[in-house]
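Here's the structure we're looking at; comments come further down.
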Amino acid sequence: MAVVPASLSGQDMGSFAYLTIKDRIPQILTKVIDTLHRHKSEFFEKHGEEGVEAEKKAISLLSKLRNELQTDKPFIPLVEKFVDTDIWNHYLEYQQSLLNESDGKSRWFYSPWLLVECYMYRRIHEAIIQSPPIDYFDVFKESKEQNFYESQEAIIALCTHLQQLIRTIEDLDENQLKDEFFKLLQISLWGNKCDLSLSGGESSSQNTNVLNSLEDLKPFILLNDMEHLWSLLSNCKKTREKASATRVYIVLDNSGFELVTDLILADFLLSSELATEVHFYGKTIPWFVSDTTIHDFNWLIEQVKHSNHKWMSKCGADWEEYIKMGKWVYHNHIFWTLPHEYCAMPQVAPDLYAELQKAHLILFKGDLNYRKLTGDRKWEFSVPFHQALNGFHPAPLCTIRTLKAEIQVGLQPGQGEQLLASEPSWWTTGKYGIFQYDGPL
Ligand SMILES: O=P(O)(O)OC[C@@]1(O)O[C@H](CO)[C@@H](O)[C@@H]1O
Ligand SMILES: [Mn+2]
């Protein structure tokens, strides 16, 4: 087993992890409780008194959770039976055994940050599934939908751009096609600025046309491996036999505006024939406020399809068609909402690892995916990405992420230190972005 650095943790006073656990997470929990309160009459209308009782139960479980967090109580095992309960409880025991050596207890401010945050979202889910008949309720649905509605203008601009592009795509030469590919990759990158976990669940939508901002945003791309993606996919296209496939997998992040940017990119991949199939991976349960579930995915495509705007609704209709034809496939896997780093995938979820091995390229969207790819550890800035992946190499992969956590590898010697000195919060505000590739060159 290779030697890896320690995990980021709330133990480091003043760190982003510390502030997240101290401020952002309780704020999110309070918002969740408030959301349940506000839906009381809806629960009553749907389920009568039983619905109101369930709402009370969920709120009391969540208030207890908030108290555990704020008084830094030890983690307790999950109790409600669900597909991943045993895996979770084993993992909690394992983390406890690591801490036992140093005579500690697995607690909010002393455990790995990644575990703490995942545990919180998993406990929110537990509170909901322990409260039937409202056990279907997604406490973050409203904010995800709001993000979509508030980004209408930007979405229309993107859909219009895509539809016009598709209409002339056959006339484009190689360089023009590459330019368009790069544009849509960058749009998908900056779409990741809009997550709702960083903003403590507050609205974070996109109301300008990002297409016009791409040039201005270029200096903020710290690592830019877009050329590798182009070589890989354009090579696949050239050498592909008639009946064979080029599969791009997108491990999705946030719903709302970001998901639209990912679907636009996925549409372009098919329309340009750079890929013949796109596979999407979303979350099985509501996660980190804005992450995409199958309901969000279907809901958003439905909304796009029913838009009054001609080009937007055309996009929605095409997307539905891709799904019907099996050119777009959505997959669920419980692994994505476990607290494990991705290098553990071959042991914890060998079936998923085997599936990912079938990809020609895997795109990992967003910050949380980056944290899990690199184990959320205190790596030196200049450590190669390949090394930080710690053995996770299912297929060529690229992370498309705006920086929202104190972790970054693969920089030039001195680059990270310099950024830190001139702009201490450079890596936590989403201002900078990366395309970081690992795979054959
Ligand atoms: O994966 P995403 O949506 O890009 O970001 C999720 C995120 O905002 O949640 C955490 C804060 O709670 C941060 O680590 C991380 O940046
Ligand atoms: Mn997210």
Side-chain angles (χ1 to χ4, degrees), residues 7-10 12 15-32 69 108-109 111-124 138-141 143-144 147-148 188-206 250-262 280-293 296-297 300 336-337 339 341-342 363-378 399-408 425-436:
S7 305
L8 296 178
S9 138
D12 304 320
S15 66
F16 187 67
Y18 168 79
L19 294 172
T20 300
I21 301 169
K22 186 170 86 57
D23 301 329
R24 199 170 305 110
I25 293 188
Q27 189 186 337
I28 288 170
L29 261 178
T30 304
K31 247 193 139 209
V32 167
L69 157 60
W108 297 85
F109 283 89
S111 302
W113 176 36
L114 182 60
L115 169 63
V116 172
E117 275 195 298
C118 292
Y119 179 69
M120 203 257 323
Y121 287 100
R122 184 59 182 79
R123 284 282 303 275
I124 294 179
D138 177 350
V139 290
F140 303 121
K141 183 165 167 263
S143 32
K144 288 182 272 195
N147 174 283
F148 173 80
S188 165
L189 167 67
W190 298 120
N192 180 243
K193 266 188 177 179
C194 300
D195 82 273
L196 298 171
S197 160
L198 186 67
S199 58
E202 292 305 318
S203 166
S204 165
S205 52
Q206 182 65 44
I250 306 183
V251 183
L252 295 171
D253 186 7
N254 304 306
S255 186
F257 181 69
E258 179 170 358
L259 179 57
V260 174
T261 66
D262 297 336
F280 301 97
Y281 284 92
K283 307 293 196 291
T284 308
I285 61 176
W287 202 243
F288 279 66
V289 188
S290 37
D291 286 12
T292 307
T293 65
D296 302 324
F297 186 85
L300 184 135
W336 305 114
T337 49
E341 42 195 317
Y342 289 165
L363 302 177
F364 285 90
K365 285 298 314 281
D367 199 68
L368 180 61
N369 272 325
Y370 194 75
R371 292 173 56 194
K372 288 186 160 189
L373 284 166
T374 54
D376 213 33
R377 296 176 180 281
K378 297 176 190 174
T399 139
I400 303 181
R401 162 231 189 191
T402 60
L403 280 62
K404 293 178 265 180
E406 288 170 337
I407 180 160
Q408 184 57 55
S425 64
W426 67 284
W427 47 356
T428 55
T429 56
K431 173 176 167 188
Y432 292 94
I434 54 163
F435 295 96
Q436 197 164 24

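The chain is numbered in sequence order, starting from 1. Order of appearance sets the numbers: ligands from 1, and atoms from 1 within every ligand.
Atoms of ligand 1 lying under 4.0 Å from any heavy atom of L368, numbered from 1 in the order shown and given with element: 1 (O), 2 (P). Atoms of ligand 1 lying under 4.0 Å from at least one heavy atom of D367, given by number and element, are 1 (O), 2 (P), 4 (O), 5 (O), 13 (C), 14 (O), 15 (C), 16 (O). Near N192, with a cut-off below 4.0 Å to any heavy atom, the atoms of ligand 1 are 4 (O). For ligand 1, the atoms lying closer than 4.0 Å to a non-hydrogen atom of T20 are 12 (O). Distances below 4.0 Å separate heavy atoms of N254 from the following atoms of ligand 1: 3 (O). Residue contact check: D253 has heavy atoms under 4.0 Å from atoms 1 (O), 2 (P), 3 (O), 4 (O) of ligand 1.
Nearest N, O or S atom of D291 to the Mn ion (ligand 2): atom OD1. Among heteroatoms of the N, O or S kind in D253, OD1 lies nearest the Mn ion (ligand 2).
For K141, the NZ atom is loosely surrounded, since the number of other residues' heavy atoms within 6.0 Å does not exceed 12.
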Check your understanding: What's the verdict on side-chain contact (heavy atoms from CB on, under 4.5 Å) for D12 and E406, showing C-alpha distance, side-chain angles and the deciding distance?
Key -> CA-CA 12 Å; D12 304 320; E406 288 170 337; over 6 Å; no
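Heavy-atom separations between R371 and ligand 1 include at least one value shorter than 4.0 Å. Note on ligand 1: W113 sits in its first shell, one or more heavy atoms being nearer than 4.0 Å.
The Mn ion (ligand 2) has no N, O or S atom of D367 inside 2.8 Å of it. Residue contacts to the Mn ion (ligand 2): S290 brings no N, O or S atom closer than 2.8 Å.
Ring centroid separation for the pair F140 and W287 does not come in under the 6.0 Å cut-off. Within the 6.0 Å centre-distance limit, the rings of Y121 and F288 are counted as a close aromatic pair.
Of the possible donor and acceptor atoms, one in the side chain of N147 sits under 3.5 Å from a partner among the backbone N and O of F257. With K404 contributing its side chain and N192 its backbone, the two residues share a donor-acceptor pair below 3.5 Å.
Applying the salt bridge (charged side-chain N to carboxylate O under 4.0 Å, His left out) test between E117 and each of R371, R123, R122, R24 identifies R371 as the sole match. When each of K365, R401, K193 is checked for a salt bridge (charged side-chain N to carboxylate O under 4.0 Å, His left out) with E258, only K365 meets the rule.
Here's the thing with A405: none of its N/O atoms is less than 3.5 angstrom from an N/O atom of ligand 1.
Only the side chain of E117 comes within 4.0 Å of ligand 1, counting heavy atoms alone; its backbone N, CA, C and O stay farther away.
The line from CD1 of I407 to OG1 of T428 is 13.5 Å long, rounded to the nearest 0.5 Å.
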